[in-house]
Every structure is written in structure tokens, then in C-alpha cells.
Amino acid sequence: MSDRTVRDIVRQAQRVLAHGTPELAVARDLYAELTALTGNCQDELRAADAEYDGQLFRDIEDCGAVAKGTIKSRLSPQWARKREAEDVLALNERMVKTLDRLVFSMGMELKHAP
């Protein structure tokens, strides 16, 4: 299996759509692949949330104040991982919705073509 990340796969789908409307088979493949990755994105976000929550708790304890601890924790790699996971999940969901509409409309065009 390749070493592509979920983010790499979503970026590849973005590039395909940026170059114009793909063929129906390509759009269906991308739709299926990104839909299947939604669970992976959610799993990564849960793991990143848990890791960040631990960091936040430690930083609040170290600083003795919630506001200072929160600011400190938002400078951590755990915060960056959580943000990236949120961004990838949101982008993946938007791409799935876009591809869903694209595949539907392309299918309708084929159905009603002379």
C-alpha cells in the first residue's frame, strides 16, 4: 500500500476537480474513495482531540489559570494536529458533497441524453 495520507488523497481530488469536470467514472471513483475516508478522518480527529485535551489539562495545571493554560496549549503540536484533523474532515465532507452532486447531475445528463 502507498504512503499517501488522507490529506494527500483529498488534495489529489481537489486537483482533479480544479482542472474541470472529470469523466463520470473518475468522479464516481473519487466519490467512493473520499466517502470511505470519512471514517478515517473522524478517527484521526477523535485521537487528536484526546491528545490535545491531555495537553490542555497539563498546561492549565502548569499555569494555574485557564486562560493562560489555553493560550499555551494552542501553541503546542497537539493543537496543530487537532486543527489539521478538523480542517481535513471539513474539506473531505465538502468534497464528498460536491462529488455527490456532480455524479448525480452527470448521471441525469446521461439518462436524458438522446
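Counting from 1, the numbers follow the sequence of the chain as shown.
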Counting C-beta onward and ignoring hydrogens, is there a side-chain heavy-atom pair between [X] and [Y] closer than 4.5 Å?
X     : Y     : value
Leu17 : Leu99 : yes
Thr98 : Met95 : no
Trp79 : Ser73 : no
Leu30 : Gln12 : no

Problem set entry | Worked verdict on Ile9 versus Thr5 for side chain to side chain contact (heavy atoms under 4.5 Å, CB included) | CA-CA 6 Å; Ile9 295 167; Thr5 65; over 6 Å; no
Within the side chain of [X], is there an N or O that forms a donor-acceptor pair under 3.5 Å with the backbone of [Y]?
X     : Y     : result
Thr38 : Leu34 : yes
Asp62 : Gly69 : no
Asp53 : Ala50 : no

For this session: Mark yes when over 12 heavy atoms from residues, nucleotides or ligands other than Arg81 sit less than 6.0 Å from its CZ; otherwise mark no.
Result: yes
Exercise. Does Arg46 CZ have over 12 foreign heavy atoms under 6.0 Å away?
Worked result: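 Yes.
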Problem set entry | Between Asp59 and Thr70, a side-chain donor and acceptor under 3.5 Å | no
Exercise. In terms of side-chain heavy atoms, does Arg58 have a donor or acceptor partner in Gln55 at a distance below 3.5 Å?
Worked result: yes
How many angstroms lie between [atom1] in [X] and [atom2] in [Y], if you round to the nearest 0.5 Å?
X     : Y     : atom1 : atom2 : answer
Glu44 : Asp49 : CD    : CG    : 10.0 Å
Ile60 : Ile71 : CD1   : CD1   : 11.0 Å
Asp43 : Leu89 : CG    : CG    : 10.5 Å
Thr35 : Arg28 : OG1   : CZ    : 13.0 Å

Please name the pair of heavy atoms, one in [X] and one in [Y], separated by the smallest distance, quoted to 0.1 Å.
X     : Y      : result
Leu45 : Lys82  : CD1-O, 4.0 Å
Val88 : Arg7   : CG2-CD, 3.4 Å
Leu24 : Val103 : CD1-O, 4.0 Å

Problem set entry | Residues Thr21, Met106; criterion side chain to side chain contact (heavy atoms under 4.5 Å, CB included); working and verdict | CA-CA 10 Å; Thr21 305; Met106 291 172 82; 4.1 Å; yes
For this session: Answer with yes or no whether the hydrophobic clustering places Leu102 together with Tyr31; edges join I, L, V, M, F, W, Y residues whose side-chain heavy atoms lie under 4.5 Å apart.
Result: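 Yes, it is one cluster - the side chains of Leu102 and Tyr31 are joined through contacts under 4.5 Å.
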Exercise. Given the rule that I, L, V, M, F, W and Y join up when any side-chain heavy atoms are under 4.5 Å apart, are Leu110 and Phe104 in one cluster?
Worked result: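 As far as the 4.5 Å side-chain criterion goes, Phe104 and Leu110 are not connected within one cluster.
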